[in-house]
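Below is one structure, written out as structure tokens, with a few remarks after it.
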2 protein chains.
Amino acid sequence: MEFVTETVKKDRTGIAAIFAGTLVGEQVKVDGIVHAVRDMGEVVFVILRKRDGLLQCVSETGTKQAGKGIKEESSVCITGVVRREERAPGGYEVKIGEIRMLSEPAEPLPFAVSKWKLPVSPETNLDHRAIALRNEKQRARFRIQEGIVRGFRDYLYGEGFTEIHTPKIGAKSAEGGANLFKLEYFHRPAVLQQSPQFYKQMLVGVFERVFETGPVFRAEKHSTKRHLNEYTSLDFEMGFIDDFTELMAMETGFLRYTMRLLETEYAREIALLGVALPDTERIPVIRFDEAKRLAAEAYGRQIRSPYDLEPEEEALIGRYMKERYGADFVFVTHYPSKKRPFYAMDDPADLRYTLSFDLLFGGLEITTGGQRIHDYQMLLDKIEKRGMTTEGMEAYLEVFRCGMPPHGGLGIGSERMTMKLIGEDNVRETTLFPRDLSRLEP
Amino acid sequence: MEFVTETVKKDRTGIAAIFAGTLVGEQVKVDGIVHAVRDMGEVVFVILRKRDGLLQCVSETGTKQAGKGIKEESSVCITGVVRREERAPGGYEVKIGEIRMLSEPAEPLPFAVSKWKLPVSPETNLDHRAIALRNEKQRARFRIQEGIVRGFRDYLYGEGFTEIHTPKIGAKSAEGGANLFKLEYFHRPAVLQQSPQFYKQMLVGVFERVFETGPVFRAEKHSTKRHLNEYTSLDFEMGFIDDFTELMAMETGFLRYTMRLLETEYAREIALLGVALPDTERIPVIRFDEAKRLAAEAYGRQIRSPYDLEPEEEALIGRYMKERYGADFVFVTHYPSKKRPFYAMDDPADLRYTLSFDLLFGGLEITTGGQRIHDYQMLLDKIEKRGMTTEGMEAYLEVFRCGMPPHGGLGIGSERMTMKLIGEDNVRETTLFPRDLSRLEP
């Protein structure tokens with residue numbers, strides 16, 4: 001009988017090892033995709049794209065022809081000697097001894113991906129998404145997105161949260177509403193969950209603190225730069241809060257942890273995209289009604305809808321906080337009860353408002369959160385007051401009937417947060433394969 | 001302007017701090033859900049369920065009545081003094097000074113959750129899932145599941161993989177096939193992805209190594225103990241493999257890392273469920289055809305289907321490896337080409353077989369993986385040979401036309417792996433809210 005006893009040990013050298021500078025003069029074997037070839041006659045530069053950066057390889061012998069005629073996007077394994085070369089990315093290069101061809105493209109790329117700026121329209125980018133992402137700056141965005149999602153999880157693991165995986169197919173929506181994708185589930189009508197809201201609340205009675213990072217589905221007919229019909233939501237819910245401000249404090253902890261993680265583990269991508277990490281030490285907090293008034297007063301904008309923050313108002317509030325306090329984030333609290341879901345906890349001091357908040361980042365809502373109703377009778381009363389039915393909510397209501405601690409939580413749109421962090425203005429730019437009203441492929 | 005400047009600092013003491021033993025004689029404040037009340041007349045025991053265990057609190061004064069008449073599943077905050085008490089869970093208890101009520105249930109539980117073994121049928125358990133999970137042993141399963149998913153991610157981060165989030169709604173299936181849930185997407189027909197297969201392959205050309213942990217959807221009409229119609233798949237795909245055995249080595253690395261993680265970070269749950277962590281140092285590897293023959297010879301089972309391993313055969317192979325080598329895992333390699341998807345790389349030494357494998361755990365398949373075809377023409381030829389159409393695969397095929405490194409990957413069913421690890425025999429037992437032919441709720 002044969003056995004697997006070893007994990008992978010390959011004879012390939014990575015970029016980090018080469019750029020560390022200790023291998024100068026030594027022979028190494030490196031694999032990668034040919035990102036660009038620059039044939040200067042006597043000298044041929046072969047730039048390898050590797051998962052953690054670009055590596056310059058160079059052939060100087062006219063005789064050996066190494067690198068001559070090699071196609072971009074070929075996969076190769078190069079054997080050569082490491083040299084110091086200040087003009088090369090990372091400060092080192094590999095003098096090519098031998099190139100072994102692993103795989104060759106059948107056709108050239110539809111557009112060049114090795115340019116600093118991708119030379120295509122946003123639509124073409126999305127149409128050929130898996131090609132466009134081969135561009136260094138394009139792919140860096142999603143490394144940063146990884147850091148955000150990873151930071152969320154790692155911070156919450158450390159705070160005693162349990163990770164959950166809740167079903168995306170359900171008999172009813174988690175929050176009712178019309179914006180649901182419908183499907184047939186073995187001859188029964190079903191929907192795709194627009195949020196793990198009900199499940200995460202139900203599991204507060206079990207694990208006390210829970211989080212989920214997963215897809216949510218919104219059949220909204222919005223066609224804007226900030227809406228997606230499927231996105232990755234970072235959700236948490238925590239029990240035994242004394243006050244809804246604890247939720248904002250927990251989110252602040254996540255933001256700080258994540259900025260440090262990005263600064264250290266994703267420094268290359270942060271530098272590549274020229275990202276200035278936002279301050280998370282002092283995040284302004286302002287009530288909804290004050291924020292609305294402030295946007296109106298500071299910028300002469302008329303208040304049209306008293307119950308909602310319009311996108312333009314959010315942008316103005318963001319602008320105000322940036323100009324006045326140098327703040328990129330702002331917590332807006334106490335949203336009107338009318339515009340929050342039935343399970344939102346109304347403020348006992350003024351029942352027209354809720355113990356809730358949004359977090360704006362650069363003038364855009366990236367988080368909605370708040371305290372929830374935990375008392376069974378209060379929940380039933382609110383449902384009745386709204387003229388809603390409890391049908392389909394039996395399992396949800398059961399946990400409240402059987403006892404639930406005070407709790408609250410929030411959801412963060414990871415694509416929006418990435419977009420704001422890197423300074424983009426269309427959420428499709430920070431979604432690997434976006435889904436919108438017109439886009440279902442690739 | 002007010003600012004959030006602090007992350008949460010609460011005056012509550014956690015179980016770990018109390019069980020550390022340094023707080024004896026000191027007053028603490030603890031919150032939790034009343035898991036059980038044992039009123040012995042003069043003495044009342046209030047067992048608090050907290051996220052990381054049970055805490056015994058005790059009232060000994062007949063006069064103060066603390067704890068008397070308190071309802072199970074109430075949420076409380078108890079102020080009291082820590083004492084050494086060997087008979088208490090963890091070896092310490094809190095002598096109750098004051099109990100503050102945070103929330104009270106409206107009705108008693110439909111069944112007792114504080115029993116060691118939950119006193120209900122599996123169906124009742126699933127019908128009242130969020131209640132049943134309040135049982136200590138029930139919830140421990142999902143802490144272990146967290147450890148598995150977390151171990152998968154952490155190990156792969158360390159190996160240079162990038163985490164991806166790919167869309168679950170698509171125009172076509174990633175792998176074709178009939179087992180797809182269909183939905184309407186803004187008046188266009190759409191499906192739920194049964195796997196991130198195409199996306200993860202496409203992104204190998206971008207990030208070289210990628211993984212995803214997310215839901216997959218299978219409209220299979222199987223009603224067995226090992227099938228779910230929605231489950232959490234742990235997927236990875238890696239480029240620049242020289243040999244498909246590197247995939248098995250990478251999975252072995254994940255298994256080892258995860259067993260260590262469970263041993264250290266999830267020791268309480270491992271002990272609670274009496275889990276014996278499997279050996280991952282030597283995992284047997286056997287070819288598909290040999291495994292089939294072996295199951296037939298060792299246990300006198302007739303070979304019926306030459307192209308598949310039947311569940312009974314998998315069980316026999318697992319049994320053989322356990323009896324003969326003490327092995328819980330076994331890699332079965334070289335599955336017949338006929339039964340693998342079109343993108344599977346055929347074995348150049350014998351084209352009837354593929355460079356692929358399954359990992360069996362306790363006689364059950366928990367992983368399917370293998371090397372994929374990376375050459376564009378080879379892929380087209382295979383598609384044609386199978387009489388398939390390339391329609392709907394344009395974006396997938398484009399990446400191969402433009403060049404792709406040799407690569408392969410695998411998918412792991414997290415619920416099945418959890419099930420086998422804790423010794424359950426129905427995958428619903430290790431799914432928070434299972435979806436099957438008859439179950440769409442809760």
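Residue numbers begin at 1 in each chain, while the letters A, B, ... track the order of the sequences.
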message: Need one label for A:V149: side chain, backbone, both or neither, based on atoms under 4.5 Å from any heavy atom in chain B.
response: side chain
query: Measuring heavy-atom distances to chain B, does A:R439 have an atom under 4.5 Å in its side chain, in its backbone, in both, or in neither?
result: backbone
- request: Just give me the residue among A:M248, A:R209, A:H187 that pairs up with chain B most often, heavy atom to heavy atom, under 4.5 Å.
  value: A:R209
- prompt: Who wins among A:T245, A:I286, A:L203 for the most heavy-atom pairs under 4.5 Å with chain B?
  reply: A:L203
message: Is the distance between the ring centroids of A:F198 and A:Y396 under 6.0 Å?
response: yes
query: With a 4.5 angstrom heavy-atom cut-off, which part of A:K50 approaches chain B: side chain, backbone, both or neither?
result: both
message: Taking every non-hydrogen pair under 4.5 Å, which of A:M202, A:Q377, A:E246, A:M321 racks up the most with chain B?
response: A:E246
message: I'd like to verify something: which residue of A:C77, A:S438, A:P434, A:P405 has the highest number of heavy-atom pairs under 4.5 Å with chain B?
response: A:P405
message: Between A:N135 and chain B, with a heavy-atom cut-off of 4.5 Å, which part of the residue counts as in contact: side chain, backbone, both or neither?
response: neither
task: Check each atom of A:I164 against the heavy atoms of chain B and say whether the ones under 4.5 Å are side chain, backbone, both or neither.
output: both
query: Is it the side chain or the backbone of A:D31 that comes within 4.5 Å of chain B heavy atoms, both, or neither?
result: both
message: I'd like to check the side-chain hydrogen bond (donor to acceptor under 3.5 Å, both in side chains) partners of B:S414; sequence neighbours left out, ordered by chain and number.
response: none
- line: One option among A:P284, A:A219, A:A130 has the most heavy-atom pairs under 4.5 Å with chain B, and it is A:P284
query: Would you say the side-chain atoms of A:E212 and A:H165 include a donor-acceptor pair closer than 3.5 Å?
result: no
field: ring-ring contact (aromatic ring centres under 6.0 Å, His included) between A:F217 and A:F181, intermediate numbers included
entry: CA-CA 7 Å; A:F217 307 91; A:F181 288 112; 7.2 Å; no
statement: Okay, A:Y325 and chain B: the region with an atom under 4.5 Å from a heavy atom over there is side chain
message: Given heavy-atom pairs under 4.5 angstrom as the criterion, report whether the side chain, backbone, both or neither of A:L228 touches chain B.
response: neither
Contact leader toward chain A among B:E441, B:R435, B:R143, where contacts are heavy-atom pairs under 4.5 Å: B:R435
- prompt: How would you list, by chain and number, every residue that makes a side-chain hydrogen bond (donor to acceptor under 3.5 Å, both in side chains) with B:E73, sequence neighbours excluded?
  reply: B:R49, B:R134
query: What do you reckon, are the aromatic ring centroids of A:F254 and A:Y155 less than 6.0 Å apart?
result: no
